[in-house]
Amino acid sequence: VTLPRTVPAGGEVRLLIVKTYQDTASYLAGGDSVVFTRSLGIRRNAVVLPPGFALASVNYPSQVHTEADGRVAVSFINTGVGAVPYVVKGRRLR
């Protein structure tokens, strides 16, 4: 790992770990819709919709923001001890 700056002894740095799920069970796409559905046990998670899609629904309290490239990102914090069955639905913009 290459850190963005030198870290002094006893110091800290934040790292962003990006994991892309590439299994077909997590993504369902068809027509003008896309669905991400997966049980997520990691404390902080985010789903980024493909370009040209808007958020239609999400089943867990989440924050929604727009990435610099215009894609919609949906993120949440799992405060429980178990995994969250997370479902994000998007629809194509016309």
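Just so it is clear, the model here is predicted, and its values are computed rather than measured.
Within the structure, ring pair (Phe, Tyr, Trp, His ring centres under 6.0 Å) pairs that include any residue of residues 54-74 comprise Tyr60-Phe76 (at least two apart or interchain). Residue pairs meeting the ring pair (Phe, Tyr, Trp, His ring centres under 6.0 Å) criterion with at least one member in residues 32-52, sequence neighbours excluded: Tyr27-Phe36. Sorted by first and then second residue, the salt bridge (charged side-chain N to carboxylate O under 4.0 Å, His left out) pairs with a member in residues 49-76 read Asp69-Arg71; sequence neighbours excluded. Contacts classified as side chain to side chain donor-acceptor pair (under 3.5 Å) and involving residues 1-10 (residues at least two apart or in different chains) are not found.
Residues that satisfy the side chain to side chain donor-acceptor pair (under 3.5 Å) test with Gln63, not counting sequence neighbours, are absent from this structure. In terms of the side chain to side chain donor-acceptor pair (under 3.5 Å) criterion, Ser33 has no residue partners (sequence neighbours excluded).
No chain of hydrophobic side-chain contacts below 4.5 Å, direct or via other Ile, Leu, Val, Met, Phe, Trp or Tyr residues, connects Leu28 to Val74.
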Show me the donor-acceptor pairs, under 3.5 Å and distance only, between side chains in residues 79-94 and residues at least two apart or in other chains.
residue	atom	partner	partner atom	Å
Tyr86	OH	Ser62	OG	2.8
Arg94	NH1	Asp32	OD2	3.2
Arg94	NH2	Asp32	OD2	3.0

Show which side-chain atoms of residues 40-50 pair as donor or acceptor with protein atoms under 3.5 Å away, not counting sequence neighbours.
residue	atom	partner	partner atom	Å
Asn45	ND2	Ile42	O	2.6

